[in-house]
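Shown next, in structure tokens, is the structure this report addresses.
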Amino acid sequence: MLGTASQVPTRQRAQNGYLLRWDGTGLLFDPGEGTQRQMLLAGVAASEIDRICLTHFHGDHCLGVPGIVQRLSLDRVAHPVHAHYPASGREYFRRLRNATAFYEVADLREEPVHDDGPVATGDFGTLTARRLEHSVESFGYRLTEPDGRRMLPDRLAAAGITGRFVREVQRAGFVEVDGRRVDLADVSEVRRGQSFAFVMDTRLCDGVFALADGVDMLVIESTFLASEAELARHVGHLTAGDAGRVAAECGVRTLVLTHFSQRYTDPRCFSEEAAAAFGGEIVVAEDLSTIPMPKRR
Ligand SMILES: [Zn+2]
């Protein structure tokens, strides 16, 4: 959690900024103003960034782009970095990318998001985007790891499969042991891929629920509390109670609340409000904290 404030940073909270470390892939979501320095404080190197994902072009979600882009070149980050953002904001991205003079050597590849659907696939799984409802075009993101298989030691032992035969059955899908055929399905079970969703500025809409459906971790804006529910609807934001209801309805495991309005001083109010609807784990994000993905089921 690099920053957890909405438009106005506070003494405790910088504007948005989130780095997801997903095995070997680093995804930087919505870098607001000051993200480069927050990365330093959090111990994150520019070379950890493989993808930059912007939900929309309000300043608190993208004013950190110039600093990050220039830092990628300054540090001579050798791998390509992909940038995903709503296609209607291409001109904003062009300006952010070229905000000042600098010596560009990094390989930054722009991949604007035009519509709902997958935006990238790789070892990390599939990154998909879904349209949200805000005052400007806004997309949320979801990362889904493919399902794998978990070997079952007792079944392997019962079938007499050890050593290189274990690798063989994983590779070929079956193995012959003492003239008997043993299939992979007999000695393993499906290991569900993990999933993550990132939902920023929006009012409740189908996209929110589609992104959050069954995810292990949902990072979601809860700009407001119920006392400002009317205002939230009006300006296209969620309350902590909305976030809790989404998490409950979608079967989320860990709910991470963030993007708080500066008007509130006690972060416990957010978790209490969300907990009224959602019985799972709730984290009220704090700057520079690290939140582990829940263990695999
Ligand atoms: Zn915002």
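One-based numbering, in listed order, for ligands and for the atoms of each.
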Discussion item. What I want to check is whether the side chains of T55 and Y85 have a donor and an acceptor closer together than 3.5 Å.
Written reply: no

Discussion item. I'd like to know if R245 pairs up with E249 as an ion pair, taking the criterion as any Lys NZ or Arg NE/NH1/NH2 lying under 4.0 Å from an Asp or Glu carboxylate oxygen.
Written reply: no

Practice prompt. Evaluate the ring planes of Y141 and H84, with Trp represented by its six-membered ring, and classify them as parallel (under 30°), tilted (30 to 60°) or perpendicular (over 60°).
Written response: tilted

Fill in: CE on M200 to OG1 on T223, rounded to 0.5 Å
8.5 Å

Fill in: Flag for H134-T202: side-chain donor and acceptor within less than 3.5 Å
no

Discussion item. I'd like to know if the side chain of S261 pairs up with that of Q7 as donor and acceptor (distance under 3.5 Å, no hydrogens or angles considered).
Written reply: no

Item to complete: Enumerate the protein N/O/S atoms at a distance below 2.8 Å from the Zn ion (ligand 1), ignoring waters.
Response: D60 OD2, H61 NE2, D201 OD2, H259 NE2

